[in-house]
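The block underneath contains the structure these notes are about, expressed in structure tokens.
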Amino acid sequence: MARAVTASRKALTTAIAGALAFLMFFPILWIVVLSLKTEVDAIRAPWQVLTSGWTFESYGAVQERSDYFKHFWNSVIIAFGSTLLGLVIAVPAAWAMAFVPGKRTKDVLMWMLSTKMLPPVGVLVPIYLLFINIGLLDTRFGLVIVLMLINLPIIIWMLYTYFREIPGEILEAARMDGASLREEVLYVLTPMAIPGMASTVLLNVILAWNEAFWTLNLTASKAAPLTAFIASYSSPEGLFYAKLSAASVMAIAPILIMGWFSQKQLVRGLTFGAVK
Amino acid sequence: MATKASRAAARLMISPAVLLLLGWMIVPLSMTVYFSFLRYNLLMPGDNPFVGWENYKWFVTDPSFSAAMVNTLLLVGGVLLITVIGGILFALLLDQPMWGQGVIRIMVIAPFFVMPTVSGLVWKNMFMNPVNGIFGHLAQAIGMQPIDFFSQIPLLSIIGIVSWQWLPFATLILLTALQSLDQEQLEAAEMDGAGWLSRFWFIMLPHLARAITVVILIQTIFLLSIFAEILVTTNGGPGTATTNLTYLIYVSSLLQYDVGMGSAGGVIAIILANIVAIFLMRMIGKNLDA
């Protein structure tokens, strides 16, 4: 039961929390503002920035000068490709562990999780050399494989926790009503599993989109996703604040929106079920 | 009841995932260990003789190694301190009744979804640049000398940027944990005359203990591998002021092409991460039984 709270106290909490939230959000808000300014206006003092004119020219300039959408497309392919490939491998595994648990299921799950604890830099050298030798360096396919592997434990783990919440009695009931295994999977399990699978996809696309160790080290220019493309702004020539802002806004906007939808799954996915 | 046939099918369904992860773990890992005992530099072609512990000796005695270890410790510890304390305060605040809670929560969480290269560059240029950044403009406006963040307090600046990214994570997890707290317990305590502080100290904090541990362990795993934020802001400098272990290994392997040395560093990083991982795995494992 919610406790009764006076309106004035509620207003005070709202004001404090609102102010702090605004401070946390301000850097994001600010690059949106700067992306709508000219380069000359973008480096002025904040109060001068706000009173200067607005323009969309930076968005056009980013695309023209550096083929922005090539990198955007790379990010899309790498993030979704690795997630979907991971899903194809993870669904059967999570399914089997959730519905036909054996004595060793828990050990297998824990072992899978332990591969996630491997610091990427510990295997940077061999992966880099392997990629050179097989010709996977700076290819989207190579990154899809690597990101699929580093996120596979999370995908399996999340799916497992979702599948386990599907009550076994429903399956029994369907079987008693004469449903075949195919019908059971198609009409009973799948509809119940879809929400969990959707959240899993959402969180893993976010993680893959923002991954910035392998994407920076295994790409040059051809397969570079947005993480690596934005990094190229670290050695700028001339004025670039507005263009950096425009590129950044376009890079984070889609994931910000997806992230807002996945708040709850984030907790479950990133703590491996340790906090629900 | 699982039959023998369904057991066999289950094993078949699990095996692709197990084989892939096994390969992903064993192949590169054994290569790292193997390389770490070779004198192997890509700039010096020829055979790569076995040199025993030489790479480790060089890597560990290099002054940049001790600097990197200290920096790693400060970076991880500093960010943990800020995010855990800040996260608890934020969670307590957001748990209170207020208007527009949804919007406020979304704004607090947003930084977590910003990719590391963007947050590094945005903070470096738009905020911390002494001439054009907001902090510089503000300092000038009140007649102060602007701080040149990345030359005067480079490591602290990076700790700040990384904390901005991870504070939402800590807040979200702790808020989730706080919301599962039994309200009646709090009310009972209040009726028995427990003040706010003692309610926090004796009821909320013990309830949060588990979530706090999880936050610390998971963040540590990720914070040990901080890389992009350093790459786009300071390149590990000035000198080695912001070089952490991950960045040092990157420098020796991909910038100096010293495969042997980089691998030795890699093995050390793996051992360090594993120490943390053991504790984390225990906590998660316990929860799996429940």
Side-chain angles (χ1 to χ4, degrees), chain A residues 5 10 13-14 17-18 21 24-25 27-28 30-31 43 45-46 89-90 92-93 95-96 100 106 110 112 114-115 117-127 149 152 156 206 210 212-213 216 227 230-231 233-234 241 244 248 251-252 255-256 259-260 263 266-267 270-275, chain B residues 2 6-7 10 13-14 16-17 21 24-25 28-29 31-32 35 93-94 96-99 104 106-111 113-118 121-122 126 132 134 137 172-173 176-177 211 214 221 224-225 227-228 232 246 249 253 259 262-263 266 269-270 273 277 281 283-285 287-288:
Chain A
V5 176
K10 204 168 165 182
T13 327
T14 309
M24 281 296 282
F25 191 69
I28 299 171
W30 194 242
I31 57 172
I43 57 169
I89 296 160
W95 192 279
V100 196
K106 190 189 157 184
M110 293 306 287
M112 284 178 170
S114 74
T115 65
M117 314 283 165
L118 192 70
V121 76
V123 290
L124 172 63
V125 177
I127 296 294
L149 286 166
L152 189 59
I156 293 180
I206 294 171
N210 287 344
F213 182 80
L216 285 172
T227 44
I230 300 276
Y233 275 88
S234 61
Y241 277 27
L244 170 60
S248 300
I252 63 176
I255 239 54
L256 214 52
W260 287 336
Q263 290 176 44
L266 190 79
V267 175
L270 285 179
T271 63
F272 303 100
V275 174
Chain B
S6 66
R7 273 278 150 71
M13 285 160 86
I14 300 172
L21 284 175
W24 168 244
M25 227 182 151
L29 210 55
M31 282 171 82
T32 303
F35 289 154
L93 184 64
L94 293 182
Q96 306 293 316
M98 67 181 79
W99 289 294
I104 287 174
I106 279 170
M107 283 165 72
V108 172
I109 291 165
F113 301 110
V114 176
M115 55 177 65
T117 45
V118 167
L121 283 178
V122 166
M126 282 74 154
N132 297 327
I134 285 192
H137 282 300
L172 191 60
I173 304 248
T176 309
V214 170
I221 301 258
L224 283 172
S225 300
F227 171 76
V232 299
T246 301
I249 297 167
S253 34
V259 171
S263 300
I270 292 170
M281 299 287 287
M283 299 228 21
I284 294 169
N287 199 58
L288 205 57

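Naming convention: chains lettered A, B, ... in sequence-line order (proteins, then strands); numbering from 1 in each chain.
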Does any backbone or side-chain atom of B/Ile221 lie under 4.5 Å from a heavy atom of chain A? Answer side chain, backbone, both or neither. side chain
If I take atom OH from residue A/Tyr233 and atom CG from residue A/Leu244, how far apart are they, to the nearest 0.5 angstrom? 6.5 Å
Quick one: of A/Ala96, A/Pro92, A/Ala251, A/Ala231, who has the most non-hydrogen atom pairs under 4.5 Å with chain B? A/Pro92
Working to the nearest 0.5 Å, report the span between CG of A/Leu152 and OG1 of A/Thr115. 7.5 Å
Per-residue contact mode, B/Leu224 against chain A (heavy atom under 4.5 angstrom): neither
Closest approach of A/Asn210 to B/Phe113 (non-hydrogen atoms, all atoms of both residues): ND2-O, 3.1 Å
Distance, nearest 0.5 Å, that separates CE of B/Met126 from CH2 of A/Trp30: 10.5 Å
Chain B contacts, top residue of A/Val123, A/Ile252, A/Thr13, A/Leu149 (heavy-atom pairs, under 4.5 Å): A/Leu149
As an exercise: rank A/Leu118, A/Ile31, A/Val125 by heavy-atom pairs under 4.5 Å with chain B and give me the winner. A/Val125
Ranked by heavy-atom pairs below 4.5 Å to chain A, first place among B/His137, B/Met25, B/Met31 goes to B/His137
Can you tell me which portion of A/Ala90 sits under 4.5 Å from chain B's heavy atoms? Options are side chain, backbone, both or neither. neither
If you tally heavy-atom pairs under 4.5 Å against chain A, which of B/Ile249, B/Leu172, B/Val108 wins? B/Leu172
May I ask you to name which of A/Pro46, A/Ala93, A/Pro126 has the most heavy-atom pairs under 4.5 Å with chain B? A/Pro126
Heavy-atom pairs under 4.5 Å with chain B, option from A/Ser114, A/Pro119, A/Ala212 with the top count: A/Pro119
Chain B contact via A/Leu216 - side chain, backbone, both or neither, heavy atoms under 4.5 Å: side chain
Give a yes or no on whether the backbone of B/Met98 and the side-chain of A/Thr14 come within a donor-acceptor separation of less than 3.5 Å. no
Return the CD1 to CZ distance between B/Ile106 and A/Phe25, rounded to the nearest 0.5 Å. 9.5 Å
Parallel, tilted or perpendicular: rings of B/Phe227 and A/Phe213 (30°, 60°): perpendicular
Contacting region of A/Ile255 [heavy-atom separation from chain B under 4.5 Å]: both
Side-chain contact test, heavy atoms from C-beta onward, threshold under 4.5 Å: evaluate it for B/Leu121 versus A/Ser248 and give yes or no. no
Heavy atoms only, distances under 4.5 angstrom: which of B/Ala17, B/Pro16, B/Gly266 has the most pairs with chain A? Name it, please. B/Ala17
So which residue, B/Leu21, B/Thr32, B/Val122, B/Ile109, ends up with the most heavy-atom pairs under 4.5 Å with chain A? B/Leu21
CG/A/Leu256 to CE/B/Met115 distance, rounded to the nearest 0.5 angstrom? 11.0 Å
